[in-house]
Amino acid sequence: MRSAKDFFRPLAVGAPAPVREVPLRPSRMIHFFDPGNEKMAAKVPSLAPQVDVLLGNLEDAVPADRKEAARLGLVKTARATDFGDTQLWTRINSLDSPWVLDDLLTLVPEIGDKLDVVMVPKVEGAQDIHYVDRLLAQLEAKAGLGRPILVHAILETATGVANVEEIAGASPRMQGISLGPADLAASRRMKTTRVGGGHPGYLVRADPAPAADGGADAPRPTFQQDLWHYTIARMVDACAAHGILPYYGPFGDIQDVTACEDQFRNAFLLGCVGAWSLHPAQIAIAKRVFSPSPQDVAWARRVIAAMGDGTGAVMIDGKMQDDATYKQCLVVADLADALAARDPELAEVYAAATREEDAR
Ligand SMILES: CC(=O)SCCNC(=O)CCNC(=O)[C@H](O)C(C)(C)COP(=O)(O)OP(=O)(O)OC[C@H]1O[C@@H](n2cnc3c(N)ncnc32)[C@H](O)[C@@H]1OP(=O)(O)O
Ligand SMILES: O=CC(=O)O
Ligand SMILES: [Mg+2]
């Protein structure tokens, strides 16, 4: 482990200084596209203003014989596109694959000035982040980049989950972590065949009814449980403890927009700031879910105003507010401010709801 005093030193002579705080840029949806798929890549300029993050995917879902085409397609798309204030990320191939070295050796010199974040799949421990950290520093120095490229880990192996705290704190370059439910299910030998979401067999059943209500013959309701609660909660704690951002990952049933929205909202409520969109249909869902509701924003702003310096206790509409609810409200209001700064329509919706709340 690096000593505390060396933690923020560049890992290569001439590399940019590491960031001391993760920039809180909106990232409600990380929109995946295959840069080697010409039809998808052609949509990037029109998608850029609609999403917070565009991610050129080089790993799973890109066939082995199209890896090079995807890498070169990303270089071409990045060079040709004005992303405005939309972030550009990439997901490189896994660290044990035959492609990852060329991914980094190509992307950093060619488009390192446009890349905000490199997503690293199948991270198992701090050693994986340290490897990427040093290599990126060397490549940044060689390319003369003025700011560091950040690193995002996918939590998708049992070993990765066991080591999630050390992964989150492995480098000042760490921007965040996403849950990868598909690979994680395989790694854990779970008996699912889906990408995220629930399973009808994972449930609890109500006790048998009393004899007066039909006893053992009466139907016993069942309640589907959340397969991902434990891992998301653990990931959120690890991220929060290290000042980085947690994300839900992919939801593979593109047509089931209702279950997708539920999965995203559970993650949002537990502390995640965004999720992946795999298809254009999922962009609006993520935008809706990961933007706090206008009512919640108006309420949060009202509590903050009423709490003055944030200490003590007040009563609003019959509900006790104190230092702790003030802090919760700051989370909502600060997120709303960051989103409103990027999205004038949302800013107006939040302002209107706040005026309404103030007039009550
Ligand atoms: C477990 C994991 O690792 S998840 C991450 C890896 N997976 C991915 O990145 C998958 C990304 N998404 C996709 O590949 C595709 O959306 C698929 C395969 C799921 C579905 O693709 P299609 O069958 O073409 O879907 P559909 O017919 O509904 O597409 C409608 C249009 O949207 C386009 N489109 C689909 N997905 C995307 C996307 N992610 N980005 C941009 N455009 C897209 C299609 O090209 C099509 O364009 P067209 O109208 O000009 O023909
Ligand atoms: O990469 C994502 C996953 O779910 O696996
Ligand atoms: Mg995966």
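Numbering of ligands and ligand atoms starts at 1, following listing order.
Polar contact with ligand 2: absent for Trp276 (N/O pair, distance under 3.5 Å). Of the polar atoms of Ile154, none of the N or O atoms is found under 3.5 Å from an N or O of ligand 2, judged by distance alone. For Asp60, no nitrogen or oxygen atom sits less than 3.5 Å from a nitrogen or oxygen atom of ligand 1, counting backbone and side chain alike. Of the polar atoms of Met40, none of the N or O atoms is found under 3.5 Å from an N or O of ligand 1, judged by distance alone. Not a single N or O atom of Val195, backbone or side chain, sits closer than 3.5 Å to an N or O atom of ligand 1. Checked against a 3.5 angstrom limit, the closest N/O atoms of Trp276 and ligand 1 fall outside it.
Under a 4.0 angstrom heavy-atom cut-off, Glu59 registers as lying outside contact with ligand 2. Not close to ligand 1: Glu59, with no non-hydrogen atom less than 4.0 angstrom away. The shell of residues lying under 4.0 angstrom from ligand 1, judged by heavy atoms, excludes Asp183. Within the 4.0 Å heavy-atom cutoff, Gly249 does not count among the residues contacting ligand 2. Ligand 1 is never approached by Asp34 to a heavy-atom distance shorter than 4.0 Å. Proximity of Pro250 to ligand 2 is established by a heavy-atom distance of less than 4.0 Å.
Residues that satisfy the side-chain hydrogen bond (donor to acceptor under 3.5 Å, both in side chains) test with Asp128, not counting sequence neighbours, are absent from this structure.
Of the candidates Ala61, Ala42, Gly196, it is Ala61 that places a heavy atom closest to atom 7 (N) of ligand 1.
Within the model, atoms CG of Leu58 and OG1 of Thr90 stand 4.0 Å from one another, a figure rounded to the nearest 0.5 Å.
Applying side chain to side chain donor-acceptor pair (under 3.5 Å) to Asn93 and the options Arg71, Lys122, Lys67 leaves one that passes, Lys67.
Taking a cut-off of 2.8 Å, the protein N, O or S atoms nearer than that to the Mg ion (ligand 3) are Glu156 OE1, Asp183 OD2.
A cation-pi arrangement is present between Arg20 and Phe8 under the rule of less than 6.0 angstrom and at most 45 degrees off the ring axis.
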